[in-house]
2 protein chains.
Amino acid sequence: MPRHVDKVFKALADPSRRELLDRLHANNGQTLGELCEGLHMTRQAVTKHLVLLEAATLVVTVWRGREKLHYLNPVPISEIYERWIGKFERHRLRALHQLKKGLEENSYD
Amino acid sequence: MPRHVDKVFKALADPSRRELLDRLHANNGQTLGELCEGLHMTRQAVTKHLVLLEAATLVVTVWRGREKLHYLNPVPISEIYERWIGKFERHRLRALHQLKKGLEENSYD
DNA sequence: ACAATAGGCAACCAAAGAGTTGCATGTCAA
DNA sequence: TTGACATGCAACTCTTTGGTTGCCTATTGT
């Protein structure tokens, strides 16, 4: 496995960072300010999280004037999946997931 | 997302625990003693890691006499994947992964 | 039966991590 | 050009966590 995987897992370990990823997944290309809205922590805390996510290449950024736009990068997450899921388990797991999604209604973390 | 996801991500955040998962992926159903072999830490440290992996349901255990057998459970990892990978990105990502696997030779962490 | 084997529990320590406050820099718009 | 806005940098605090040592329990095989 490439050396950066540790950064990816560490980045995913925090619920605040996962929420940031969720927000980008729902609405890609947001600024720092937008990502801070309605969050129970300071802007500086969010900045730190985004720095880690960027170091892990889970988030990619583009400067537009004084604004920094943040985009979700799905590649590292795909690599996690490929690491421990055997070729033949994939069909079964995908089916299982679809089933669960049908049954359980959201109680997100 | 179910409440236990935090445990899963926290469990995956440590390289020692990921190595334990790799070992189980390579050779499922090992005892604590076997999992300790050739590791640079004490048995008690490994125990702690396995406790966390078990709490995250990434590892399932079965007692056989005085031996505790450990098995890898791929379901939680599948759930991570499903969370942030859009339906239409999957084909592309799978292809990308196969390509990378062909190019790069291992330098595992 | 009993020594060796397989594993569990608890207290402790040092390092990493998440969050804060305060100040600095750079860009836009009037 | 200058004030307001968007973000960056640094020091400090408190909690979490990975690892250790020491001792205890249970199962096995001779």
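Please read all numbers here as calculations on a predicted model, not as lab measurements. A note on names: the letters A, B, ... follow the listed sequences, proteins ahead of strands, and every chain is numbered from 1. Computed over heavy atoms, backbone and side chain alike; hydrogens, waters and symmetry mates excluded.
The side-chain contact (heavy atoms from CB on, under 4.5 Å) with A:Val8 is formed by just one residue from the set A:Ile80, A:Ile77, A:Leu52; it is A:Ile80. Just one residue in the list A:Leu32, A:Leu20, A:Thr31 forms a side-chain contact (heavy atoms from CB on, under 4.5 Å) with A:His70, and that residue is A:Leu32.
A salt bridge does not link A:Arg18 with A:Asp14: none of the charged nitrogens is closer than 4.0 Å to a carboxylate oxygen. At a threshold of 4.0 Å, the pair B:Glu54-B:Lys68 counts as salt-bridged, since one of the basic side-chain nitrogens sits closer than that to a carboxylate oxygen.
As rounded to whole Å, 13 Å separates atom C1' of D:dT7 from atom CD of A:Glu54. Atom CG of A:Leu12 and atom P of C:dA18 are 12 Å apart (whole Å). Whole-Å rounding puts the B:Glu67 CD to C:dG8 C1' distance at 16 Å. Taking atom CG of residue A:Leu32 and atom P of nucleotide D:dC5, one finds them 15 Å apart after rounding to whole Å.
Put simply, A:Val60 and A:Val5 are part of two different groups of oily side chains (I, L, V, M, F, W, Y) that touch within less than 4.5 Å, one to the next. Hydrophobic cluster membership differs between B:Val51 and B:Leu24, with clusters built from Ile, Leu, Val, Met, Phe, Trp and Tyr side chains linked at under 4.5 angstrom.
Within the 4.5 Å cutoff, the side chain of A:Thr61 has no heavy atoms near those of the A:Leu50 side chain. A 4.5 Å side-chain heavy-atom check between A:Asn73 and A:Leu58 finds every atom pair outside the cut-off. In this structure, the side chains of A:Val75 and A:Thr57 stay at 4.5 Å or more apart for every pair of heavy atoms.
Looking only at distances, no side-chain donor or acceptor of A:Gln30 sits under 3.5 Å from a matching main-chain atom of A:Leu69.
With the end axes of the helix from C:dA1-D:dT30 to C:dA30-D:dT1 each set by five pairs, the angle from one to the other reads 30° at 10° resolution.
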Return the polar atom pairs (N/O with N/O) between nucleotides 16-19 of chain D and the protein under 3.5 Å, or none.
residue: D:dG18; atom: OP1; partner: B:Arg17; partner atom: NH2; Å: 3.1
residue: D:dG18; atom: OP2; partner: B:Arg17; partner atom: NH1; Å: 3.1
residue: D:dG19; atom: OP2; partner: B:His49; partner atom: NE2; Å: 2.3
residue: D:dG19; atom: N7; partner: B:Lys48; partner atom: NZ; Å: 3.0
residue: D:dG19; atom: O6; partner: B:Lys48; partner atom: NZ; Å: 2.3

The contact string for nucleotides 23-30 of chain D, one letter per nucleotide 5' to 3', using protein heavy atoms under 4.0 Å with B, S and - for base, sugar-phosphate only and none, comes out as ----BS--
